[in-house]
A.B. asks: 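One structure coming up, written as structure tokens, with questions to follow.
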Amino acid sequence: MAGLAAGDSMPVAGGESNPDVGLLYDINGMAKGAPHWADRVMEFVGEYGIILGFAVLMLFAWWNVRRKEDASCGTAALLWSPLAAGIALLINIPIRGFVRRPRPFLEHQGLDVLVQDKTDFSFVSDHATLTMALGVGLFVANRKYGAIGIGLALLEGFSRVYLGVHYPTDVIGGFALGTAVALLLAPLAMMLLTPLTRRISGTRAAWLVRSTDAPEPSKPSGPVAPAPAGPADAALPGRQPLRHDRDLAA
């Protein structure tokens, strides 16, 4: 790993230039010939746009998963996607501190750097790690949306080299790290997250049932006393009015 930081600007055997640096110049060279507005668009996409795109993609994936029969399992997989990205970024912190690879524009002249104030180390790319972990984690939950997510991650990696802030191997390392975390830890994550999402789903369903059911009218617990007879009862069928003279004779 340490050779990445020290040998990029050195010629390799056979007199050929380092292919990592050569590819960096080839991709970043596109920015020099592009119009100003295209560079600004790529800058926004590379820094923020693809991350926002993942947020929208996750929303669509959740809307699709929630209508399936085993929605709890799919929801758990969707929760794992951002968790995997966060874990991968945490793992990348000691990697960057160990490798300590400078940014390419600090060691190579003639690069068109479109994003300024990048003072941290270059290997591994955080953006590539984040987006690939999101894409692979999303692929675990839904193949269609996961394939779109992986495509967005590849575009993110390209943009980092285009912007002049990463070597191609920084991006490849980020892809490998994000993929490894999202796939290798997925079984454990699903084992822990699926019961949680099922419990939350069951609690929500029970709450909806209680809130929609109307209360039944209460029934009297004891015998009902008959209503006292009044003057109107005399007109009912089968009931004869009392006669005072008959009662007196009796």
A.B. asks: Is a salt bridge present between Asp170 and Lys118, judged by a nitrogen-to-oxygen distance below 4.0 Å?
C.D. replies: no
A.B. asks: So which atom in Ser122 and which in Val165 form the shortest heavy-atom distance, rounded to 0.1 Å?
C.D. replies: OG-O, 3.9 Å
A.B. asks: Not counting sequence neighbours, which residues clear side-chain contact (heavy atoms from CB on, under 4.5 Å) with Leu184? List them please.
C.D. replies: Ala180
A.B. asks: Do Tyr167 and Ile172 pass the side chain to side chain contact (heavy atoms under 4.5 Å, CB included) test, and can you show the C-alpha distance, the side-chain angles, and the key distance before you say yes or no?
C.D. replies: CA-CA 9 Å; Tyr167 294 97; Ile172 295 173; over 6 Å; no
A.B. asks: Of the non-hydrogen atoms in Gly174 and Val124, which two are nearest, and what is the gap between them?
C.D. replies: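 Answer, listing the atom of Gly174 first, then Val124: N-CG1, 2.7 Å.
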A.B. asks: How close do Ala186 and Ala182 get, heavy atom to heavy atom, and via which atoms?
C.D. replies: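 That would be CB-O, 3.2 Å.
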A.B. asks: Please tell me if the side chains of Leu163 and Val113 come closer than 4.5 Å, counting only heavy atoms from C-beta onward.
C.D. replies: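 Answer no - side chains too far apart.
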A.B. asks: Does any pair with a residue in residues 119-132 pass salt bridge (Lys or Arg N to Asp or Glu O under 4.0 Å), and if so which ones, sequence neighbours excluded?
C.D. replies: Arg96-Asp120, Arg96-Asp126, Arg103-Asp120
A.B. asks: Can you check whether Phe158 reaches Val171 side chain to side chain, under 4.5 Å on heavy atoms?
C.D. replies: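 Not touching, per the 4.5 Å side-chain cut-off.
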A.B. asks: What pair of heavy atoms forms the shortest contact from Ser81 to Leu138, and how long is it?
C.D. replies: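 Taking every non-hydrogen atom into account, OG-N, 3.6 Å.
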A.B. asks: Minimum heavy-atom separation for Glu156 and Gly46, please, with both atom names.
C.D. replies: OE2-O, 2.6 Å
A.B. asks: State, to 0.1 Å, how close Phe54 and Thr131 come at their nearest heavy-atom pair, and which atoms those are.
C.D. replies: CZ-O, 3.4 Å
A.B. asks: Can a donor-acceptor pair be found, under 3.5 Å and without considering hydrogens, that links the side chain of His127 to the backbone of Gly157?
C.D. replies: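 Judged by distance alone, no pair lies under 3.5 Å.
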A.B. asks: Are Leu134 and Leu57 close enough, and set up right, to give a side chain to side chain contact (heavy atoms under 4.5 Å, CB included), and what steps lead you there?
C.D. replies: CA-CA 10 Å; Leu134 288 173; Leu57 190 63; over 6 Å; no
A.B. asks: To the nearest 0.5 Å, what is the distance between CG on Leu152 and CD1 on Ile51?
C.D. replies: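 Output value for this atom pair is 9.5 Å.
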A.B. asks: If you look only at pairs with a residue in residues 43-58, which of them pass as a side chain to side chain donor-acceptor pair (under 3.5 Å), with sequence neighbours excluded?
C.D. replies: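 Listed once each, the pairs are Arg40-Glu43, Glu47-Arg160.
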